[in-house]
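Contents: one structure, followed by commentary.
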Amino acid sequence: MNEGLIEKAKEYTLRLLKYTGRRPLYIICEDSCSEVSRLLASWFRDKIPGAKIYIAKGKIKNQAHDLIIIDNNKEVDIIDPTVWQFFKNKRSIIMGKTRTIGEAPHKLTDIYGGKWKISERITKYSKKEIIKLERVLAKNIG
């Protein structure tokens, strides 16, 4: 995936989180990984036609975490739109690449620890589902 698209995805994520610089990102991101990952995954569906997009779920100590896996037949990208929960000073939301979708959970264990699995494939969300995700996110980030 090219760096320009990753940067636009990060900008979209920061808009979703209503980030202004007043509150640290690691605080804003708490309890929002599920909604942000699904909204960004939907955004990626429009930007990368034909890619297979998945949500990966992890259990890190006692904390659950969701992020995005994108398989575009050339490579598999691991994207964490709320990465700041775990890596406060990380600049990019791309966490790594693998050759196959099956390698992704192992790579995630190497990066985050814990146990990971591919939980769902993202299909097109209805406008109603998008609005619901946005409402839950707004409530979570206060």
Side-chain angles (χ1 to χ4, degrees), residues 1-98 100-109 111-142:
M1 184 175 313
N2 73 50
E3 211 39 56
L5 186 59
I6 292 294
E7 192 57 34
K8 286 179 182 175
K10 180 181 170 185
E11 290 168 9
Y12 175 73
T13 299
L14 294 176
R15 283 194 307 273
L16 286 173
L17 293 168
K18 297 181 179 14
Y19 179 66
T20 63
R22 289 186 187 168
R23 293 172 50 205
L25 276 170
Y26 70 90
I27 291 173
I28 296 171
C29 291
E30 288 178 2
D31 299 323
S32 62
C33 64
S34 179
E35 294 78 21
V36 173
S37 290
R38 283 159 181 77
L39 289 166
L40 184 60
S42 180
W43 182 88
F44 273 121
R45 278 190 48 79
D46 294 338
K47 304 295 181 196
I48 313 170
K52 296 174 188 150
I53 303 175
Y54 303 89
I55 297 295
K57 287 191 170 286
K59 182 84 170 177
I60 308 159
K61 298 182 182 177
N62 289 329
Q63 186 174 0
H65 190 57
D66 292 1
L67 50 76
I68 304 165
I69 308 290
I70 300 174
D71 181 353
N72 66 8
N73 293 324
K74 297 174 190 161
E75 61 189 1
V76 176
D77 295 295
I78 300 170
I79 300 187
D80 186 351
T82 60
V83 63
W84 304 284
Q85 292 177 81
F86 300 97
F87 304 98
K88 293 178 183 173
N89 298 315
K90 186 93 163 89
R91 295 209 180 266
S92 178
I93 61 174
I94 191 148
M95 298 306 292
K97 297 177 183 291
T98 62
T100 68
I101 194 75
E103 294 172 358
H106 303 292
K107 178 88 169 182
L108 288 166
T109 298
I111 295 168
Y112 294 89
K115 294 183 179 184
W116 290 87
K117 66 179 180 177
I118 305 297
S119 68
E120 65 192 88
R121 183 168 176 188
I122 297 298
T123 57
K124 186 160 180 66
Y125 287 117
S126 69
K127 186 68 174 167
K128 188 176 180 179
E129 290 170 310
I130 294 287
I131 290 168
K132 181 180 177 184
L133 288 168
E134 290 171 341
R135 283 185 183 149
V136 172
L137 178 60
K139 182 180 174 186
N140 288 348
I141 62 176

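Treat the numbers as computed from the prediction; the structure is a model and nothing was measured.
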Minimum heavy-atom separation for R23 to I28, with atom names?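 Here R23 and I28 meet closest at O-CD1, 3.5 Å.
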Minimum heavy-atom separation for K107 and G96, please, with both atom names.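 That closest heavy-atom pairing would be CE-CA, 4.2 Å.
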Show the numbers, then the answer: is there a side chain to side chain contact (heavy atoms under 4.5 Å, CB included) between W84 and I93? CA-CA 9 Å; W84 304 284; I93 61 174; 3.8 Å; yes
Derivation and outcome, side chain to side chain contact (heavy atoms under 4.5 Å, CB included), residues M95 and L108: CA-CA 9 Å; M95 298 306 292; L108 288 166; 5.5 Å; no
So W43 and Y12, would you call those rings parallel, tilted or perpendicular, with 30° and 60° as cut-offs?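 Taking Y12 first and then W43, their aromatic rings lie parallel (interplane angle under 30°).
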Residue among I118, I122, T98, I55 satisfying side chain to side chain contact (heavy atoms under 4.5 Å, CB included) with I69: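 Answer to the side chain to side chain contact (heavy atoms under 4.5 Å, CB included) test with I69 among I118, I122, T98, I55: I118.
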So, taking the atom named SG in C33 and the one named CG in L40, what distance separates them when rounded to the nearest 0.5 Å?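 Those atoms lie 12.5 Å apart.
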Just by distance, with hydrogens left out, do R38 and S34 show a side-chain donor and acceptor under 3.5 Å apart?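 Per modelled atom types, R38 and S34 side chains form a pair under 3.5 Å.
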When you look at [atom1] of [X], are more than 12 heavy atoms from neighbouring residues, nucleotides or ligands closer to it than 6.0 Å?
X    : atom1 : result
N89  : CG    : no
R135 : CZ    : no
K8   : NZ    : no

With a 4.5 Å limit on heavy-atom distance, are the side chains of L39 and Y125 in contact?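 No; the side chains remain at least 4.5 Å from each other.
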If you apply the rule side chain to side chain contact (heavy atoms under 4.5 Å, CB included), what do you find for K90 with D80, and how did you get there? CA-CA 11 Å; K90 186 93 163 89; D80 186 351; over 6 Å; no
Any ion pair linking K139 and E35 (charged N to carboxylate O, less than 4.0 Å)?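 Salt bridge: no.
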Please evaluate residues L67 and I79 with respect to the criterion side chain to side chain contact (heavy atoms under 4.5 Å, CB included), reporting the C-alpha separation (whole Å), side-chain torsions for both, the decisive distance (0.1 Å), and the verdict. CA-CA 6 Å; L67 50 76; I79 300 187; over 6 Å; no
